[in-house]
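One structure is given here, and the rest of the page talks about it.
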Amino acid sequence: MAQDTLLHASAGASFLTRALAVLGGSAVIALGAQVSVPMVPVPMSLQTLAVLLVGLTAGSRLGAAAVLAYLVEGALGLPVFAGGQFGLPYMMGPTGGFLLGFVAMAFLAGLMAERGVARGFAGIVATGLLASVVLYVPGIAWLDAVTPLDLWGALNAGMVPFLPGDAVKIAIAALVVTGAWAALRTRRG
């Protein structure tokens with residue numbers, strides 16, 4: 001199914017291409033994490049945009065692998081998380097569920113891209129909305145479990161303030177990916 005991704009359509013599917021996609025994807029996610037607006041208990045960053053773009057362009061398996069590489073990099077001490085954070089203690093803190101949710105988010109976005117659902121603007125927006133749900137379920141559950149917040153408090157602290165930003169990030173992802181497909185079609189004639 002990988003032939004239906006932007007990565008395969010533009011760069012092929014060699015081992016080197018796939019390896020570079022995983023490493024490059026993890027780097028894009030790490031860079032997105034550094035653009036951050038401090039909020040408590042979870043900072044708002046461009047990570048979700050980066051994860052969504054990686055999944056939409058690389059596909060389900062490579063997108064999820066890029067997120068897993070990112071998580072391993074952070075666990076090993078590279079300052080890849082929001083605000084330059086790193087390590088297992090950070091991963092076990094309030095953001096832990098969101099970090100795990102990124103894997104599912106990238107996988108789902110990639111799967112929808114592989115199936116052709118996430119090609120046009122509306123399909124990408126729908127995919128982004130569904131992928132956000134997949135992100136928020138473990139994120140909110142984890143936040144509820146590791147903080148004194150109850151479920152409503154976790155929703156109000158870890159989801160509600162981020163919804164407008166998520167809508168903008170989903171629209172940006174839709175514009176970028178539809179634009180990339182259009183540029184690829186133009187290049188091919």
- Exercise: identify the closest heavy-atom pair between Ala66 and Val54: CB-CG1, 3.8 Å

- Where is the tightest heavy-atom contact between His8 and Ala13, given as atom of each residue plus distance? CD2-CB, 3.1 Å

- Query: Would a distance-only check, ignoring hydrogens and angles, find a side-chain to backbone donor-acceptor pair under 3.5 Å from Gln34 to Gly84?
  - Reply: yes

- Message: Under the rule for ring-ring contact (aromatic ring centres under 6.0 Å, His included), what residues qualify as partners of Tyr70, not counting sequence neighbours?
- Response: Phe81

- Note on the structure: Applied to residues 143-170, the salt bridge (Lys or Arg N to Asp or Glu O under 4.0 Å) test, sequence neighbours excluded, yields Asp166-Lys169

- Out of curiosity, Leu31 CG to Gln47 CD, how far, rounded to the nearest 0.5 Å? 11.0 Å

- Message: Let me check something: do Val117 and Val125 share a hydrophobic cluster, defined by ILVMFWY side-chain heavy atoms less than 4.5 Å apart, either directly or through other members?
- Response: no

- How is the hydrophobic cluster of Leu20 composed, in terms of its other members, when Ile, Leu, Val, Met, Phe, Trp and Tyr link through side-chain heavy atoms under 4.5 Å apart, directly or indirectly? Leu16

- Message: So, taking the atom named CG in Leu62 and the one named CG in Leu68, what distance separates them when rounded to the nearest 0.5 Å?
- Response: 11.5 Å

- Keeping to residues at least two apart or across chains, list the side chain to side chain donor-acceptor pair (under 3.5 Å) pairs with something in residues 74-89. none

- Note on the structure: Residues pairing under salt bridge (Lys or Arg N to Asp or Glu O under 4.0 Å) where one sits in residues 68-97, two or more places apart or in two chains, turn out to be none

- Query: Would a 4.5 Å heavy-atom cut-off, applied to side chains only, mark Leu56 and Thr127 as touching?
  - Reply: yes

- Message: Checking Thr186 now: which residues fulfil side-chain contact (heavy atoms from CB on, under 4.5 Å) with it, not counting sequence neighbours?
- Response: none

Show me the side-chain donor-acceptor pairs of residues 99-113 shorter than 3.5 Å, one per line, residues at least two apart or across chains.
none

- Message: Side chains of Thr57 and Leu7, heavy atoms from C-beta outward: is any pair under 4.5 Å?
- Response: no

- Message: Do Tyr90 and Met92 land in one hydrophobic cluster if side-chain heavy atoms of ILVMFWY residues count as linked below 4.5 Å?
- Response: no

- Query: Any idea which heavy atoms bring Ile170 and Ser132 closest together, and the distance?
  - Reply: CD1-OG, 3.7 Å

- Between the CG atom in Leu143 and the CZ atom in Phe98, the distance rounded to the nearest 0.5 Å is 5.5 Å

- In chain order, what residues pass the side-chain contact (heavy atoms from CB on, under 4.5 Å) check against Ala75, with sequence neighbours excluded? Leu88, Met91

- CZ (Phe162) and OG (Ser45) are apart, to the nearest 0.5 Å, by 9.0 Å

- Nearest heavy atoms of Ile140 and Ala154, plus distance in Å: CD1-O, 3.4 Å

- Item | Residues which pass side-chain hydrogen bond (donor to acceptor under 3.5 Å, both in side chains) with Thr178, listed by chain and number, not counting sequence neighbours | none

- Item | Counterpart residues, side-chain contact (heavy atoms from CB on, under 4.5 Å), relative to Ile172 (two or more places apart) | Leu49, Val168, Val176

- Query: Do Leu155 and Val137 belong together in a cluster built from hydrophobic side chains that touch within less than 4.5 Å?
  - Reply: no

- Sorted by chain and residue number, the side-chain contact (heavy atoms from CB on, under 4.5 Å) partners of Val146 (sequence neighbours excluded) come out as Trp142

- Item | Where Leu52 and Ala131 come nearest, the two heavy atoms and their spacing | CD1-CB, 4.2 Å

- Query: If you look at every heavy atom in Leu6 and Ala180, which pair is closest and at what distance?
  - Reply: CD1-CB, 3.7 Å

- List in chain and number order the residues that pass side-chain hydrogen bond (donor to acceptor under 3.5 Å, both in side chains) with Thr17, two or more places apart in sequence or in another chain; answer none if no residue qualifies. Ser14

